[in-house]
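Notes follow once the structure below has been shown.
For clarity, every value in this text was computed on a predicted model and none was experimentally measured. Below, each value reflects all heavy atoms present in this structure, side chains not excepted, and no hydrogens, waters or symmetry copies.
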Amino acid sequence: MLTRALNLDVHLNWQHYKQIGLVDPEVPLLSLYDDLMGISEGESLLPAKVAYDEGWKSIDVPNTLVPHQRVRHPNGEMRLYIVWRDSGRTVLDYINYFFGGKKIQRDKFNRFGQLAISQYLGERGRVVKEDYYTPTGQRCLTRFFDENQKIVLIQCFDVKTGAYQCFDNEDALVAEWLIRKFGESEGNTFLIDKNRSWVQPLGRLSQKTPQRLISIIHSHHIRAASTDLMKGALNSNYVDVLTGKVKVDRCVVLTSQQQQDIQKRFVGMEYDLACIPHAQEASGDRAIKRDKDLLVALWLGCRQKSVLRTWCTL
C-alpha cells in the first residue's frame, strides 16, 4: 500500500487495521513523508523533551484523555500549549506557540516523540512554511504555501549526500520519490485507487521504466449524471486516464453500462476496460425477506473541520 498523505500516525493506524482484521498482516505500508523523513529510525532513539524558563507557569488542562498543558509567561500571557501522547508525559504529540495572543508556530512530533514538522503560521493561522526533520534533527524538507494554502515550492535536502532538489508542486516530489523506489525495476503492477493523487506521478515513473498501471474509476466519469454522456465535461479525477494523456493498461469501472458509455465515447483508446461491481454478501433468505421499502441513512461526521462528513445509504 502506497500513501502520499501527510499523517504522522499513519503507521499506527495501519497497525491497528491489521490487529482488528481490516488489513492482511502481510501487507506492508509505504508512506511518502514517513520514508523521506526516515521516521522508522526514531524507534531506537529517545523522544524529545520540552523545556522553558523556570519563571514560567504550567497549568494542566482538565478533562482531557491525555495530558494537555498551558504554559504562561511571567506576564500572564500563554506562550505554549503542549499535548502529550501518553499519560506519563514521555512522548510529545504537538506544541503550539503563542505571542501577543496569536498562534505563531506549531511543532508536530512523530510516533516516537521526536520533532517531525515545524509549521510557521501567518495571518488567521494560515501555514506559511513547514520544515520537516529526521528523528536525529536534520532538516530534510521545506514546503512553502501561498495565501490559499497551496504549495508553491518544496525544497528537498538529502541528509546522506547533501544533494539539494526543489519542486514546484507535490506531484513532482511524488514522481521523484517513485522513481527512486521503483525506477530500477519494470513491470510492477499499480492499482490506482485515488486517481487525482497518483495518475500523474505514476505516469512519469512509467515513462522512465515501464510499469503496469490499472486505474479504478469509483464514480461518474462525467461531472453530472444529467450531462450528455458523449460530450459532457469529464470528472477531473479521470480526465488524464480516459483521454489517454496518461497511459494506463486498464480501467476498472463499477457497472457494465458505464463500461459501454466509455467505450462509445473513447473509441480507439489503448487501455482495456473491465467491470468489477461492488462486492456484496447475499443469501437467498435475506434477499427474499428484506423490506424493499426500507431505507437506512447513516451520517458519519466529526466536529473537527479536517474530517470529511460522509453520507452512506444502505
I'd like to know if Lys247 pairs up with Asp240 as an ion pair, taking the criterion as any Lys NZ or Arg NE/NH1/NH2 lying under 4.0 Å from an Asp or Glu carboxylate oxygen. no
Is there a donor-acceptor pair closer than 3.5 Å between any side-chain N or O of Asn235 and the backbone N or O of Asn237? yes
If we ignore hydrogens and angles and just use 3.5 Å, is the side chain of Gln114 paired with the main-chain N or O of Leu45 as donor and acceptor? yes
Which heavy atom in Val66 sits nearest to a heavy atom in Arg85, and how many Å separate them? CG1-O, 3.6 Å
Shortest non-hydrogen contact from Leu92 toward Phe109: O-CB, 3.3 Å
Does Asp171 pair with Arg196 as a salt bridge, N-O distance under 4.0 Å? no
Would you check if the side chain of Thr243 reaches a backbone N or O of Val239 as a donor-acceptor pair within less than 3.5 Å? yes
Look at atom CZ of Phe266 and say whether more than 12 heavy atoms of other residues, nucleotides or ligands are closer to it than 6.0 Å. yes
Give me each pair satisfying side-chain hydrogen bond (donor to acceptor under 3.5 Å, both in side chains) with a member in residues 36-59, each pair once, sequence neighbours excluded. Ser58-Gln69
We want to know whether Gln105 and Asp107 form a side-chain donor-acceptor pair, criterion being a heavy-atom distance below 3.5 angstrom. yes
For Tyr94 together with Tyr81, are the ring centres under 6.0 Å from each other? no
For the residue pair Glu130 and Phe145, what are the closest heavy atoms and their distance? OE1-CZ, 3.6 Å
Ignoring hydrogens and angles, tell me if any N or O in the side chain of Arg126 forms a donor-acceptor pair with the backbone of Leu121 under 3.5 Å. no
State whether the number of non-hydrogen atoms from other residues, nucleotides or ligands found under 6.0 Å of Asn63 atom CG is greater than 12. no
So, do Phe157 and Gln155 sit near enough that their side-chain heavy atoms are less than 4.5 Å apart? yes
Quick one: do Arg265 and Asp228 make a salt bridge, cutoff under 4.0 Å? no
Hey, what's the ring geometry for Phe190 with Phe182, parallel, tilted or perpendicular (30° and 60° as the breaks)? perpendicular
Once rounded to the nearest 0.5 Å, what's the spacing between atom CE of Met78 and atom NZ of Lys103? 8.5 Å
For Ser118 and Asp131, which I'm curious about, is there any donor-acceptor pair between the side chains at under 3.5 Å? no
Distance-only side-chain donor-acceptor flag, Tyr133 / Gln138, under 3.5 Å: no
